[in-house]
Each structure stands twice: as C-alpha cells, then as structure tokens.
Amino acid sequence: MELKEGKGLDVLNELKERGFVEQVTDEEGLGEYLSSPSTCYIGFDPTADSLHVGSLVPILSLVHMQRYGHRPIVIVGGGTGLIGDPSGRTEMRKLLSRDDIDRNALGIKNQLARFLNFDDGKALFLNNADWLTPLNYIDFLRDIGCHFSVNRMLATESYRMRLEQGLTFIEFNYMLLQAYDFYYLAKEYSCFLQMGGSDQWGNIVAGVDLIRRKLGKRAYGMTFPLITTASGSKMGKTAQGAVWLSEEKTSVFDFYQYWVNTDDRDVVRFLKLFTFLPLEEIHKVENLTGEQLNPLKRILAYEVTALVHGHERAKEAYLSACKTFGFIEIGADILPSSSIPRAILDEVSDAIPVTMINKEKIDEGVSIVDLFVETGLCNSRSAAKRLIEQGGAYVNDRRVVDIHEKLKKDLFVGGSLLLKAGKKRIHRVRLE
RNA sequence: GGAGAGGUUCCCGAGUGGCCAAAGGGAGCAGACUGUAAAUCUGCCGGCUUGCGCCUUCGGAGGUUCGAAUCCUCCCCUCUCCA
C-alpha cells in the first residue's frame, strides 16, 4: 500500500470530498492535529464474528488515515460489548457472553488485517476489556463519574430516544465507558482523535470532554454519515440478511453482485466512499447516465470485492458474472486506475457458490424442488414450488415448468449443473 | 411494591368465540418492461402436499367450550403514572 505525502488538511479534505465526514468537533484544530503523524481510533462492536458492509466506511476511513501516515487504532469492544451500546437502538441489545465476544473479536481482527497494516505498530488492535475489566467501581465513580452530568447525558440524542422505550442502568453507563476508552487511549497512546458513526456523536463528545477535564488536552471527534441507499434502506441489508465481509457468510459472487446491483443514483457516491480510485478519475465519470453507468457499476463491484477478498477472487466473481450477464467492453479511459480486466478473458475461473451432491443420489434422480432447498436458493419446499410456478426457476438456463421434475445425471455437464432462482441468484451443483 | 395499558405471522398494525393461516401497509420474492438500475403493472408472500386437505402459529403454561388470537386462571416481559 503506497503512502501518501501530504499535510493534515489533505486527509481531511480527501475524506470530506469522498463523503466520509458528517460532523467534526473542531475542524481547524483537527486539521492541525493531522498535520503531523498522529493517532486516531474507531471502536467496533463484537456483536458478530464478521464485519459487514455497514462497517466498510469506518474501516476505509482508517485505511485512508494510514495511507497518509497516521496510526490507526482499532478497539474491539470486549469490555463495552458486555454492556451493549444503546445508541441508535430502540431496544436493548442482547447481552453477549464473554466467550462469544472473544471469538467475535478474533474474527474481526483477522478481517481488519486485510485492510490495515498492523506490522511494526503501524496500526494497533486493542481490546478495551484489558483496561475496563480491572476497573474498580468505586474508584471509577469518583474519578470518572464525577465529570458527567446526568442532566446533560439525558439530553443527548442517543439517550433521549431510549427514554421513551426504557433504558437500563447498565446501558446508561455505556457512554462513560466509551469516554473512558478515549481518555485511556489519549493518555497511553497519545490518541486524540476518535471517529465513528453518526450515532456515536454523543459518546465521542463525552470522551473529548473527559480528556479536557482530566488531561487538560484538546481532543477531536469526527462522525461518518449513516450511509443509506438511494431507495432509503440501510447499506448492506438484503432479504437474506446483512452482506458480510466474510466469505463463509456471503459468497464472493453474491458480494460482487450486491455491488453491481447498486442503484444508479448511488454509483458515483459509492465509488468515492468504497474504492480508492483517485478522485480526479471519479470526477471524469460523474456525468455518465443511464446505460453508461453499467461499466461503472462493474468497476465499483470489482474494486470493493478486490479490497475485501483480493484481486484474484474479485476477478473470478467478475468473470462469472460476465458469463451469466454478458460481457461489456470497459474502455481504458474509464477509471483507468482500476485493475478490472478490460479485455475478454477466457480463463476458467468460477466464483459461483457451489454445493456438492452425492453421485448415488443422482442415479435415482433428484427432485428439482429439493435441490433448490439444499442449495439455499429457497428457504422451504413451498418456496421452491412457488418459484417454479412463477417461472423463476432455471436449470442450466432452461426454465423449469414442472414441480415434479427429477434431475438425472445427464444434466450435469462436466459433473456440474447451474441453478438459477430468478435472474440474479445463481448456484452451482457439483457431483462428488 | 401499588394502579393502568399492552405483548398478533420479517416490521408496523387490524382482529375481541366459529366466515382466521389471521385485514391493511411496509419490506421481500417471482413475472412483464428494462440497462444485472429506478419507476410501474401482475402474481406470491407459515410448513407439508399434484390436489381434496393436513399440521404448526397470535408472550408462556393450564382451563372453559363442539369450537379460542379472541373467555377464565396463573406466570413471564414491556410501557405509563404513583412509591
């Protein structure tokens, strides 16, 4: 990963131009802070063992920081995860066990290692359980609690919406703990910038205040906008659930497809947010409309997939999609920095998710309905039948009309067969 | 601890003894149209079944009844007011 030369304002400007910045506590001061190599941090909740598309913005902001020579710190909330952040929630979070949290933290760390360089302390991965669990309740109240005004806490957006629903005391403490994290990092790691989602504003500001009071130093906060799609839904949510960054949870092909299916209105915005393609190049394609956006969508999908899964896997997904949806020439002048293959390649690569099936089973013929269920393309046999009745089921690109159809061996061309649910969801079945 | 209100299928939300697998909306899925877009239109949208139909569901457990999401009892949970 190449390093960028530049002053603090440059990172800030790049982040702003790319749409990463919602709010900053003190823009001028922050610019100054970032004018020399500095440290910044973001906390991630260990609520699952994988991050999803929604976490991409925070992750990539840290990557930008590292590229400009700053030191990102990732905090995994091993301690705060035991509490549960009420921000942006209308219901209390499910409390996780310690084991769950530890396992999730590990998964998250492995994923982040794909994005950030953790060598030689260029980025740090810390677990706040290390300093939160040893805290003594009485000491904490006296040292930290005395700096917080309940009146002001209640006035914050994050708590106000919860006051209608009910808020437990354990959750009410979350803000103090996160503020303490920031204070601790400022003290121990000279980290004076915290970033986070817009729902974190209250927690971040609390930390900034605490640092001022305890250390007499100036700290900064920055929040990212909540990224929604043009049609109004949250990023990374589909009927199947979240779009995950881990291959086990969301196949590379599906991941790629998620991005190709981006709404027209979002394409340029997403190129800025989710790829590292130079802004000058993106500016040049900003005015493309209609069908011309298709190459951009493919590039967007390719680039994001490459960031998350690597170029090889991205290429496979891209070529698999081309096989199904057709190849279009992507001009060399369109976003030239992208390494998407621009010529027709006839490599035999395949990123379509695969299910293996026992050979013996096929001999007596396997029911088409069962196969759709087994591959996960349908949730139940009823759903599979419905799909067929509605004409959305395909075997090797032939529409299935009969619910009772049994698939025989001869349909397995070269030992494999292609199932489609609708026009976009594809699955391969191989004999073993 | 006391008083009241409430917990319905993915979400919101109707339903107060049979016509309820449960209105309506949203989300989602499929089809048509397209550009793997959006919008629109049509259909679907608990499970099993070719189908007649059968099974499971209305916070939980019991009960009344030929029959319960609807009535009764106990329990759990949430909210509001009071302490």
Side-chain angles (χ1 to χ4, degrees), chain A residues 86 89-95 160-169 171 228-243 251-271 285 288-302 304-305 317-330 334 340 351-352 367-370 372-395 397-406 418-427:
Chain A
R89 286 287 177 133
T90 50
E91 274 170 37
M92 184 161 169
R93 286 173 194 255
K94 207 178 128 228
L95 292 180
R160 228 181 327 146
M161 58 185 281
R162 279 303 296 277
L163 284 177
E164 287 161 29
Q165 296 294 314
L167 178 73
T168 60
F169 187 65
E171 294 177 285
T228 50
T229 62
S231 47
S233 52
K234 249 191 194 172
M235 270 313 277
K237 294 280 183 209
T238 69
Q240 271 72 41
V243 178
S251 80
V252 180
F253 182 76
D254 291 340
F255 186 85
Y256 172 90
Q257 281 295 315
Y258 172 77
W259 291 96
V260 183
N261 286 310
T262 296
D263 191 295
D264 280 13
R265 295 164 286 179
D266 291 326
V267 175
V268 169
R269 187 162 59 103
F270 286 0
L271 279 168
V285 298
L288 296 183
T289 52
E291 219 172 322
Q292 296 171 302
L293 287 170
N294 282 342
L296 298 190
K297 290 183 185 180
R298 292 179 185 211
I299 291 175
L300 171 67
Y302 177 85
V304 185
T305 309
Y318 170 64
L319 293 174
S320 299
C322 280
K323 272 190 223 160
T324 339
F325 299 107
F327 180 83
I328 50 169
E329 187 86 34
I330 298 175
I334 301 175
I340 191 169
I352 295 173
S367 133
I368 181 76
V369 170
D370 287 336
F372 270 98
V373 175
E374 245 172 85
T375 53
L377 287 171
C378 293
N379 291 328
S380 67
R381 294 172 55 79
S382 296
K385 285 174 191 166
R386 224 175 281 135
L387 185 74
I388 294 168
E389 275 164 7
Q390 296 183 136
Y394 298 83
V395 172
D397 286 321
R398 171 181 59 82
R399 182 177 270 178
V400 180
V401 286
D402 181 12
I403 295 179
H404 308 286
E405 183 166 335
K406 300 254 183 201
L418 207 60
L419 290 184
K420 278 212 240 178
K423 301 222 157 105
K424 296 184 206 166
R425 284 153 56 224
I426 306 174
H427 208 101

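Fair warning: this is a prediction, and the values are worked out from it, not measured in the lab. Here is how names work: the chains are called A, B, and so on, in the same order as the sequence lines, proteins then strands, and each is numbered from 1. Computation of the quantities below employed the complete heavy-atom set of this structure, encompassing side-chain atoms and omitting hydrogens, waters and symmetry-equivalent molecules.
When distances are taken from the side chain of N261(A) to each of U36(B), G31(B), A37(B), the shortest belongs to U36(B). Candidate nucleotides U50(B), U36(B), G35(B) were compared by shortest atom distance to the side chain of K385(A), and U50(B) ranks first. Here the side chain of R265(A) is nearest to one of G31(B), A38(B), G35(B), namely A38(B). Residue R386(A) has its side chain nearest to G47(B) when only U50(B), A37(B), G47(B) are considered.
Pair assignment for G24(B): C12(B), on the basis of Watson-Crick or G-U wobble contacts that are both within less than 3.5 Å. A 3.5 Å limit on both hydrogen-bonding distances identifies no Watson-Crick or G-U partner for G51(B). Nucleotide U56(B): unpaired (no Watson-Crick or G-U wobble partner with both distances less than 3.5 Å). Using the Watson-Crick or G-U wobble rule with both distances under 3.5 Å, C19(B) pairs with nothing in any strand shown. Pair check for U34(B) finds none; no Watson-Crick or G-U wobble contact set falls under 3.5 Å. Shown here, U80(B) forms a base pair with A3(B); the pair counts as Watson-Crick or G-U wobble because both key distances fall under 3.5 Å. Using Watson-Crick or G-U wobble geometry with both donor-acceptor distances under 3.5 Å, G43(B) finds its partner in C29(B).
Rounded to whole Å, the separation between the C1' atoms of G15(B) and U70(B) comes to 8 Å. Taking the C1' atoms as reference points, G31(B) lies 16 Å from U36(B), given to the whole Å. A61(B) and A68(B): their C1' atoms are spaced 16 Å apart (whole Å). Comparing the C1' positions of U16(B) and G7(B) gives a spacing of 15 Å, expressed to the nearest Å. Across the P atoms, C54(B) and A21(B) are found 11 Å apart, a figure rounded to whole Å. Rounded to whole Å, the separation between the C1' atoms of U8(B) and C58(B) comes to 4 Å. Spacing between C10(B) and G46(B) at atom P, rounded to whole Å, works out to 10 Å. Taking the P atom of each, G47(B) and A22(B) are spaced 13 Å apart, rounded to whole Å.
Annotation for S367(A) and R381(A): closest pair OG-NH1, 4.5 Å, computed over non-hydrogen atoms. Here the closest heavy-atom approach between residue L293(A) and residue L288(A) is recorded as CD2-O, 3.7 Å. Summarising the geometry of I328(A) relative to Y318(A), their closest heavy-atom pair is O-OH, 4.3 Å, with the distance given to 0.1 Å. Across all their heavy atoms, R399(A) and G391(A) have their closest contact at NE-O, 3.0 Å. Heavy-atom minimum distance, Y302(A) versus Y256(A): N-CE1, 3.7 Å.
In this model, the phosphate group of C48(B) is approached by a side-chain N or O of S380(A) to a distance below 4.0 Å at OP1 or OP2. Checking the phosphate oxygens (OP1, OP2) of U49(B), a side-chain nitrogen or oxygen of R381(A) falls inside 4.0 Å. Residue Y394(A) places at least one side-chain N or O under 4.0 Å from the OP1 or OP2 atom of G31(B). Within the 4.0 Å cut-off from OP1 or OP2 of G35(B), not a single side-chain nitrogen or oxygen of K297(A) is found. Contact annotation: R425(A) reaches the phosphate of A30(B) (side-chain N/O to OP1 or OP2, under 4.0 Å). One finds no side-chain N or O of R298(A) lying less than 4.0 angstrom from the OP1 or OP2 phosphate oxygen of A37(B). For the OP1/OP2 pair of A32(B) and a distance below 4.0 Å, the side-chain nitrogens and oxygens of K423(A) include at least one atom meeting the criterion.
Residue contacts shown for N294(A) include a base, since a base heavy atom lies under 4.0 Å away. Looking at heavy-atom distances under 4.0 Å, T262(A) makes contact with sugar-phosphate atoms alone, never a base. Within 4.0 Å of G290(A), counting heavy atoms only, lies at least one base atom of the nucleic acid. If you check every strand for non-hydrogen atoms under 4.0 Å, A421(A) touches sugar and phosphate atoms only.
Rounded to an integer number of Å, the gap from CZ of F327(A) to P of U36(B) is 15 Å. Across the protein-nucleic acid pair, I388(A) atom CD1 and C45(B) atom P stand 15 Å apart, rounded to whole Å. Distance CZ (F325(A)) to P (A37(B)): 9 Å, rounded to an integer number of Å. Distance E291(A) CD to A38(B) C1': 14 Å, rounded to the nearest Å. Atom-to-atom, CD of E389(A) to C1' of U49(B) comes out at 12 Å; the value is rounded to the nearest Å. Counting to the nearest Å, the C1' atom of U50(B) and the CD atom of E405(A) are 15 Å from each other. The interatomic distance linking K323(A) (NZ) with U36(B) (P) rounds to 18 Å, in whole Å.
Of the two residues near RNA chain B, L387(A) and Y256(A), the one whose nearest nucleotide lies more 5' is L387(A). Along RNA chain B, the nucleotide closest to G391(A) and the one closest to V373(A) are compared, and the more 5′ of them pairs with G391(A).
How far CH2 of W259(A) is from CG of D266(A): 9.5 Å, rounded to the nearest 0.5 Å.
Evaluated for a side chain to side chain contact (heavy atoms under 4.5 Å, CB included) with K420(A), the options L387(A), T324(A), V395(A) yield exactly one hit, T324(A).
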Practice item. Please lay out, stage by stage, how R298(A) and C322(A) fare under the test side chain to side chain contact (heavy atoms under 4.5 Å, CB included). Key: CA-CA 10 Å; R298(A) 292 179 185 211; C322(A) 280; 3.8 Å; yes
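For a distance-only test at 3.5 Å, the side chain of Q390(A) qualifies as a donor-acceptor partner of the base of G43(B).
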